[in-house]
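Report on the structure given below.
Numbered from 1 within each chain, the chains take letters A, B, ... in sequence-line order. Every heavy atom of this structure was used, including side-chain atoms; hydrogens, water molecules and symmetry mates were not. Note that the coordinates shown come from a computational prediction; the quantities given were computed from them, not determined experimentally.
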Amino acid sequence: DVKVTQSSRYLVKRTGEKVFLECVQDMDHENMFWYRQDPGLGLRLIYFSYDVKMKEKGDIPEGYSVSREKKERFSLILESASTNQTSMYLCASSFEAGGDSYEQYFGPGTRLTVT
Amino acid sequence: ELKVEQNPLFLSMQEGKNYTIYCNYSTTSDRLYWYRQDPGKSLESLFVLLSNGAVKQEGRLMASLDTKARLSTLHITAAVHDLSATYFCAGQRDAGGTSYGKLTFGQGTILTVHP
């Protein structure tokens, strides 16, 4: 079974703090993704990575950065947390290969509250 | 740019009744996914639809895809309480190309099944 884990289930941070959210997958997937989930908006893509050290912006990258130093690990960084970044953050991973293999597998999510 | 819209956003059903969730998308989508999310949990993949006319069924849920109408449906037959959850559809364009399998999600449908 594919396993995607996230470092924290719940996190409370203060405005202005630097926040790291970590995601690890154990299936040697090339692609990794960070989404945020807000009620009524579904999931929106923040950043994704298709290889080590490679990254691309998603639909809402402002206020975020990412790091992928190893294939299995993808980190989301909030350089200076703000209250409008309070949300549920979901990490996902998928293969690069064809066929049905583009399906994304999701981690359990991190609920971040910025006060 | 792919946009995905679901309706209804809220669905309150009685046990034993049938209903359909609709997922419209704005432009060509290579694949259409349906996910289920229980409160406080991550996303669980239900169906992957790959081609026009595709139909997949699992228990009381059946998903279909009409690429000409740019419409996917998730039909619920004889609803039971255990089906209460949030359901998302998501489109995926050019999975093998430079989009790297990015997903665009609908807003989600919160389904509540009452006795």
Side chains of A:Thr115 and A:Thr15 in contact at under 4.5 Å (non-hydrogen atoms): no

Steps toward salt bridge (charged side-chain N to carboxylate O under 4.0 Å, His left out) verdict (B:Lys56, B:Glu58): CA-CA 7 Å; B:Lys56 290 196 174 177; B:Glu58 179 77 32; over 6 Å; no

Result of checking A:Lys55, A:Arg68, A:Glu56, A:Glu30 against A:Ser49 for side-chain hydrogen bond (donor to acceptor under 3.5 Å, both in side chains): A:Arg68

Under 4.5 Å from any heavy atom of chain A - which part of B:Leu43: both

Evaluation steps, side-chain contact (heavy atoms from CB on, under 4.5 Å), between B:Asn24 and B:Asn7: CA-CA 9 Å; B:Asn24 291 92; B:Asn7 71 84; 4.0 Å; yes

Proximity breakdown for A:Leu41 and chain B, heavy-atom pairs closer than 4.5 Å: backbone

Structural part of A:Arg44 lying under 4.5 Å from a heavy atom of chain B: neither

Under 3.5 Å side-chain donor-acceptor pair for B:His75 and B:Ser64: no

is_close_aromatic(B:Phe105, A:Tyr35), centroid dist under 6.0 Å: yes

Proximal to chain A - members of residues 35-42 of chain B, heavy-atom separation under 4.5 Å: B:Tyr35, B:Gln37, B:Gly40, B:Lys41, B:Ser42

Heavy-atom side-chain proximity of A:Val4 to A:Cys23 below 4.5 angstrom: yes

